[in-house]
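This report concerns only the one structure given below.
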Amino acid sequence: MPQSSPSRTVTLTDDTTGESWKLERRSGTMGPDVIDVRPLPRLSGLLTFDPGFISTGSCESKITFVDGDQGILLHRGYPIDDLAENSTFLEVAYLLLMGDLPNAEQSTAWTHNITYNTLVHEQLIKFYSGFRRDAHPMAVMCGVVGALSAFYHDSINMQDPAQRAKACYRLIAKMPTLAAMAHKYAHGQPFMYPLNSLNYAANFLQMLFAVPAEPYEVNPILARAMDKILILHADHEQNASTSTVRLASSSGANPFACIAAGIASLGGPAHGGANEAVLKMLTALEVPANIPEAIRRAKDPNDPFRLMGFGHRVYKNYDPRARIMRRICHEVLGTLNLANDPLLQVAVELEQIALSDPYFIEKKLYPNVDFYTGLTLRAMGIPPSMFTVLFAVARTAGWVAHWQEQSSESKPKIGRPRQLYTGPTARSFVPMAQRG
Ligand code: SDX
């Protein structure tokens, strides 16, 4: 049940008719108050209008809080900086899903649950051979994740809490395996099975880069960097893909189909596809001398070019994840003796120039989580087409947490937005002979 808070009201008045309606103003524990407009159609016959849901709270949630003006990101109250520095991705996934950090016993059980669910059904492996080798890995992931519901019938009943829990840890456990297989398939290499002796991030790197022909040694610095990157991408409140998962789940669709819908939404260049787009942009820029033209184009309202990795619907300050990603980027490139990577020089200069440009300052456009991610993953040997797949692996933790939160509601409602209709009014059918 929604948390109760002292009842305060706001009054909406129609200045033409003088009619007015009282609506409840509700406060959360943090962030802006909301006006509860649910009674508005019944009271007034009016709807609210908010394309892109820029001013709309779609749900009540306890999982993640973002303060865009202050550049704050909390997962169940814990700042992202603390989690990236001190926690692990599996621990953050537990936190998002269960509501608090696990104690030692819970952590052991959770890690075992995930580790022993990393394999996928052998029949599912055959799905990959149906794709072209040059299929985008995100297209492959949409297909194979959606197909999971055809294999795991004992975790698709949303009414059963035990089945819901099983679906959550199956998804978190299997995403790296499926993602690594998409990568291997694209390169014509044999699939690597998960190794239970490795932690989540190291196992992911092993499945991505090992070959059966020889032993593979995971670089611990890269494994830790990968774990931090997964933490930074784990959840971000009601972003487009998470809202997609919630809307799909509201119809009672099975969890695997809902996560596949989230993957589809994440793939867009305005959302999770931006990391791949950033690298394409930096590569096209090639040298710092080309930055002024890019800045000019980004500021030209008639030019669709945007500075990828810049700007955010919510952050009107530096995305706290971008600051951490910049540190990881320098660490990884330093470890791999790539600190002089020309594209890193372009990225650093582009960021400095943009942050001092009046256009970006007045529109509050700062680097977001995607700006340094692509450079880091490229240095780790991950191809650009896999960047958003990695984002999806991480965001599955957030998606399943939101899916679980919504599925556990006592009276779930199907999501069904309304509209402002501006099409033709009712008219009679016109026989072919009378059409113009
Ligand atoms: C993610 O929601 C989330 O939390 C997402 C995410 C998550 O973790 O789930 O944080 C992950 O998706 C990060 C964002 C990645 N996308 C990009 O980096 C793509 C480039 N950014 C833009 O497309 C844009 O900034 C958005 C889509 C991210 C935000 O768009 P908004 O909030 O709808 O803002 P807008 O497009 O209305 O822009 C406001 C103004 C506009 O100018 P005016 O119309 O007011 O004149 O700023 C301009 C825009 O033209 N603008 C940019 C710009 N981003 C916005 N101008 C140049 N370059 C840019 N990158």
Side-chain angles (χ1 to χ4, degrees), residues 1-80 96-97 99-100 158 235-252 258 265 312-317 319-320 363-364 398-399 401-423:
M1 278 297 287
Q3 276 184 348
S4 61
S5 55
S7 181
R8 291 168 55 188
T9 59
V10 294
T11 301
L12 178 66
T13 301
D14 182 324
D15 295 332
T16 308
T17 65
E19 291 174 285
S20 62
W21 306 278
K22 282 194 183 305
L23 297 167
E24 187 188 358
R25 175 175 173 156
R26 290 183 57 199
S27 303
T29 47
M30 296 176 78
D33 285 1
V34 298
I35 300 171
D36 190 336
V37 295
R38 288 176 290 184
L40 188 61
R42 173 174 49 78
L43 294 175
S44 68
L46 297 173
L47 296 176
T48 59
F49 183 63
D50 183 20
F53 311 120
I54 292 175
S55 311
T56 294
S58 62
C59 63
E60 178 174 333
S61 180
K62 297 174 172 53
I63 299 172
T64 290
F65 175 72
V66 175
D67 181 328
D69 294 328
Q70 302 301 317
I72 290 171
L73 169 56
L74 308 178
H75 290 318
R76 302 281 189 179
Y78 295 99
I80 190 65
L96 291 168
L97 192 56
D100 211 333
M158 289 178 58
D235 191 49
H236 211 245
E237 59 146 87
Q238 307 309 324
N239 58 84
S241 54
T242 300
S243 299
T244 300
V245 170
R246 279 182 171 263
L247 193 55
S249 148
S250 73
S251 73
C258 293
S265 171
H312 197 278
R313 170 60 57 78
V314 177
Y315 287 122
K316 302 309 172 189
N317 199 322
D319 181 337
K363 290 186 186 297
K364 298 183 178 179
W399 287 336
H402 284 275
W403 174 84
Q404 179 72 295
E405 182 176 67
Q406 179 167 292
S407 309
S408 312
E409 285 173 359
S410 56
K411 294 180 184 166
K413 279 203 169 301
I414 188 165
R416 201 317 188 172
R418 302 296 302 280
Q419 62 181 6
L420 174 65
Y421 177 70
T422 55

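Below, all heavy atoms of this structure are taken into account, side chains as well, without hydrogens, waters or symmetry copies. Note that the coordinates shown come from a computational prediction; the quantities given were computed from them, not determined experimentally. Along the sequence shown, residues carry numbers from 1.
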Contact between [X] and [Y] at the side-chain level, heavy atoms closer than 4.5 Å - yes or no?
X      : Y      : answer
Thr29  : Phe65  : no
Leu43  : Leu23  : yes
Tyr315 : His236 : yes
Asp15  : Thr13  : yes
Leu97  : Gln404 : yes
Trp21  : Asp14  : yes
Leu12  : Leu40  : yes

Would you confirm whether [X], through its side chain, and [Y], through its main-chain N or O, come within 3.5 Å as a donor-acceptor pair?
X      : Y      : answer
Asp33  : Arg25  : no
Thr242 : Gln238 : no
Asn239 : Glu237 : yes

Exercise for review: Could you verify whether a donor N or O on one side chain and an acceptor N or O on the other, from Glu405 and Ser61, lie under 3.5 Å apart?
Suggested key: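 The answer is yes; a qualifying pair exists.
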Heavy atoms only: give me the nearest [X]-[Y] pair and the separation to one decimal.
X      : Y      : answer
Ser55  : Asp50  : N-OD2, 2.7 Å
Gln406 : Ser249 : NE2-OG, 3.3 Å
His312 : Asp319 : CD2-OD2, 4.5 Å
Ser250 : Gly415 : OG-N, 2.8 Å
Leu47  : Pro41  : CD2-CG, 4.0 Å

Can you measure from [atom1] ([X]) to [atom2] ([Y]) and round to the nearest 0.5 angstrom?
X      : Y      : atom1 : atom2 : result
Ser58  : Phe53  : OG    : CZ    : 8.0 Å
Arg8   : Arg26  : CZ    : CZ    : 13.0 Å
Leu420 : Thr48  : CG    : OG1   : 11.0 Å
Ser407 : His402 : OG    : NE2   : 12.0 Å

Practice item. Please list, chain by chain and in numerical order, all residues satisfying salt bridge (Lys or Arg N to Asp or Glu O under 4.0 Å) with Asp235, sequence neighbours excluded. Key: none
Give every donor-acceptor pair under 3.5 Å between a side-chain atom in residues 68-79 and any protein atom, sequence neighbours left out.
from: His75; atom 1: ND1; to: Thr64; atom 2: OG1; distance (Å): 2.8
from: Arg76; atom 1: NE; to: Leu95; atom 2: O; distance (Å): 3.3
from: Arg76; atom 1: NE; to: Leu96; atom 2: O; distance (Å): 3.2
from: Arg76; atom 1: NH2; to: Leu96; atom 2: O; distance (Å): 2.6
from: Tyr78; atom 1: OH; to: Asp100; atom 2: OD1; distance (Å): 2.9

**Study point:** Residues Glu24 and Arg38 bridged, charged N to O under 4.0 Å
**Key:** no
